[in-house]
Amino acid sequence: MHLPRTMIFLAALIAAPLAAPVYADGPVKARTAAAQQAAFAADRAAILAMAGNYKVTFDMRETTPWRADYAPIPAKVSGGHESVRVIEDSGRRIVLQHLLVATGDDGKPIVIKHWRQDWTYEPADLLVYAGQGRWTLEAVPVAMRAGRWSQTVWQTDDSPRYGGWGQWTDEGGVRRWRSNWTWRPLARRDAVRHPRYDRYLGINRHSPTPAGWIHWQDNMKMGTVDGKLVPFVQEAVLNSYVRDDGYDVKAGDAYWAATSDYWAAVRAGWDAAIARDKGVSVAEVAETGSASGERLMGFADDIQAGKLTSAAAIEQARAVIAEVTKR
């Protein structure tokens, strides 16, 4: 299989029904209008503070085996530089795009459009992983909406990955957001190994730090045994973002300037498919994340290289999304 250059670099770097999500907390306690507005402003500030230029460390460790016949794999620690940009801010909705910036063997910068996170205040529904290449729109319980934010995470090609909802709080002097329990497809680091498990059940936490911010995941790796989903091993993931301008920041911004119109159209294409089917089905592919990953990422590379116009790339991208979401 031929992969775009950016997908190759990113790869080097880093059916059973699912149960309903579990509540992480009870309803948010009633607050005065002034306190509610202050909390909303503080929440927005914490989300927006994730934008910037960073040195990132990805620390992934299988910790506790939940089966006697499973041995945890060695810890994996990697890293790189990421530019995180605010690409939408309409008050109650904030969208952050991550751009991975590295240096190739030829000394030239390589920019990979990385993951995207969408934050929505008091969401009515959320796109959640339902297993085996299927995501569904699920109502957020009415009692759990007030004062909370949802976070939806998207893959490099803007196909869906996972979603959760939770409250920003201050505990012990630390600001943090914690999701409900969420289902997620395997990340590439696991998928390419074809392990016995095939999905995660986890909680996400985000916290600002004096140097930047952290994304902490508490994951149970789940798989089907005799027709039943069972846990195989616990995983702790700590992604640390430390402010750092010591890389080719301009390269990331140049990539985004050249391809942002294309990616806006790609996002709109996925949104339309999701609205049409009240969710979306797209095959999971270990190497590229999804059946559309190689092509949608490649079109963006071709735009920046001058091989495709944005209009032509958008037309081709819409055809790919229609193909992979056909039911």
Side-chain angles (χ1 to χ4, degrees), residues 1-14 50-60 76-87 95-117 153-159 161 187-193 212-213 215 237 239-267 285-310 312-314 316-317 320:
M1 176 176 62
H2 171 71
L3 299 180
R5 183 169 179 246
T6 54
M7 292 298 290
I8 294 172
F9 191 90
L10 181 60
L13 178 67
I14 55 170
M50 285 190 272
N53 306 322
Y54 297 99
K55 170 66 176 176
V56 190
T57 300
F58 308 106
D59 189 333
M60 297 158 282
K76 181 178 181 180
V77 181
S78 61
H81 287 97
E82 282 196 355
S83 300
V84 184
R85 299 292 181 256
V86 179
I87 63 171
V95 179
L96 302 176
Q97 178 62 60
H98 292 237
L99 301 166
L100 185 64
V101 182
T103 303
D105 293 338
D106 58 3
K108 296 181 179 179
I110 298 175
V111 180
I112 302 119
K113 178 183 169 294
H114 211 189
W115 61 297
R116 179 181 117 229
Q117 46 175 323
V153 171
W154 308 82
Q155 307 208 65
T156 59
D157 67 338
D158 285 324
S159 60
R161 179 148 177 74
R188 183 190 179 281
R189 66 179 185 272
D190 285 326
V192 295
R193 298 187 297 104
W213 57 283
H215 175 201
V237 177
N239 299 331
S240 302
Y241 291 75
V242 176
R243 294 186 193 91
D244 183 6
D245 296 323
Y247 65 101
D248 197 339
V249 174
K250 290 182 179 179
D253 290 331
Y255 170 90
W256 192 247
T259 63
S260 60
D261 289 346
Y262 165 77
W263 285 116
V266 170
R267 294 194 302 274
V285 177
E287 290 286 348
T288 58
S290 73
S292 54
E294 177 187 352
R295 287 174 287 176
L296 295 185
M297 294 289 284
F299 296 154
D301 291 345
D302 288 344
I303 291 171
Q304 193 179 32
K307 298 177 182 178
L308 271 180
T309 65
S310 291
I314 288 169
Q316 293 184 49
V320 169

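Bear in mind that the values here come from a model prediction, so they are computed numbers and not experimental data.
- Taking R193 as the reference, D190, Y197 meet the side chain to side chain donor-acceptor pair (under 3.5 Å) condition, with sequence neighbours excluded.
- Every residue two or more places apart in sequence or in another chain that forms a salt bridge (charged side-chain N to carboxylate O under 4.0 Å, His left out) with D158 is listed here: K113, R116.
- Taking the six-membered ring where the residue is Trp, Y54 and Y241 present perpendicular rings, their angle passing 60° and hence far from 30°.
- Every residue two or more places apart in sequence or in another chain that forms a side chain to side chain donor-acceptor pair (under 3.5 Å) with Q117 is listed here: H98, W119, Q151.
- Tested against F299, the residues D157, L308, V266 include a single side chain to side chain contact (heavy atoms under 4.5 Å, CB included) partner, L308.
- For the pair Q155 and W115, the minimum side-chain heavy-atom distance is 4.5 Å or more.
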**OP:** For I87 and L96, run side chain to side chain contact (heavy atoms under 4.5 Å, CB included): C-alpha distance rounded to whole Å, both residues' side-chain angles, the deciding distance at 0.1 Å, then the answer.
**Re:** CA-CA 6 Å; I87 63 171; L96 302 176; over 6 Å; no
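- Residues A251 and V111 come closest through the heavy atom pair O-CG2, 3.6 Å.
- Summarising the geometry of Y262 relative to L296, their closest heavy-atom pair is OH-O, 2.7 Å, with the distance given to 0.1 Å.
- Shown here are the side chain to side chain donor-acceptor pair (under 3.5 Å) partners of S83, two or more places apart in sequence or in another chain: Y247.
- Counting all heavy atoms, side chain and backbone alike, F58 lies closest to G79 at CD1-CA, 3.8 Å.
- In plain terms, the two heavy atoms of Q304 and A258 that are nearest each other are CG-CB, 4.4 Å.
- D261 pairs by the salt bridge (charged side-chain N to carboxylate O under 4.0 Å, His left out) definition with nothing, not counting sequence neighbours.
- Remark: A264 engages R267 in a side chain to side chain contact (heavy atoms under 4.5 Å, CB included) (not counting sequence neighbours).
- Considering OG1 of T156 and NE2 of H114, their distance stands at 7.5 Å, rounded to 0.5 Å.
- At least one side-chain heavy atom of I112 sits less than 4.5 Å from a side-chain heavy atom of M297.
- By the side chain to side chain contact (heavy atoms under 4.5 Å, CB included) test, V77 pairs with T57, D59, R61, sequence neighbours left out.
- In terms of heavy atoms, M60 sits closest to S78 at CE-OG, 4.3 Å.
- Here the closest heavy-atom approach between residue V320 and residue S292 is recorded as CG1-CB, 3.8 Å.
- Among residues two or more places apart in sequence or in another chain, the side chain to side chain donor-acceptor pair (under 3.5 Å) test is passed with W256 by none.
- Applying the side chain to side chain contact (heavy atoms under 4.5 Å, CB included) rule to D245 yields the partners N53; only residues at least two apart in sequence or on another chain are considered.
- Judged as a side chain to side chain contact (heavy atoms under 4.5 Å, CB included), and not counting sequence neighbours, the contacts of S310 are I303.
- Here D253 contributes atom CG and D248 contributes atom CG; the two are 9.5 Å apart, rounded to the nearest 0.5 Å.
- Side-chain atoms of V101 and I110, non-hydrogen and from C-beta on, never get closer than 4.5 Å to each other.
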**OP:** Might you work through the side chain to side chain contact (heavy atoms under 4.5 Å, CB included) test for D301 and K307, ending with a clear yes or no?
**Re:** CA-CA 9 Å; D301 291 345; K307 298 177 182 178; over 6 Å; no
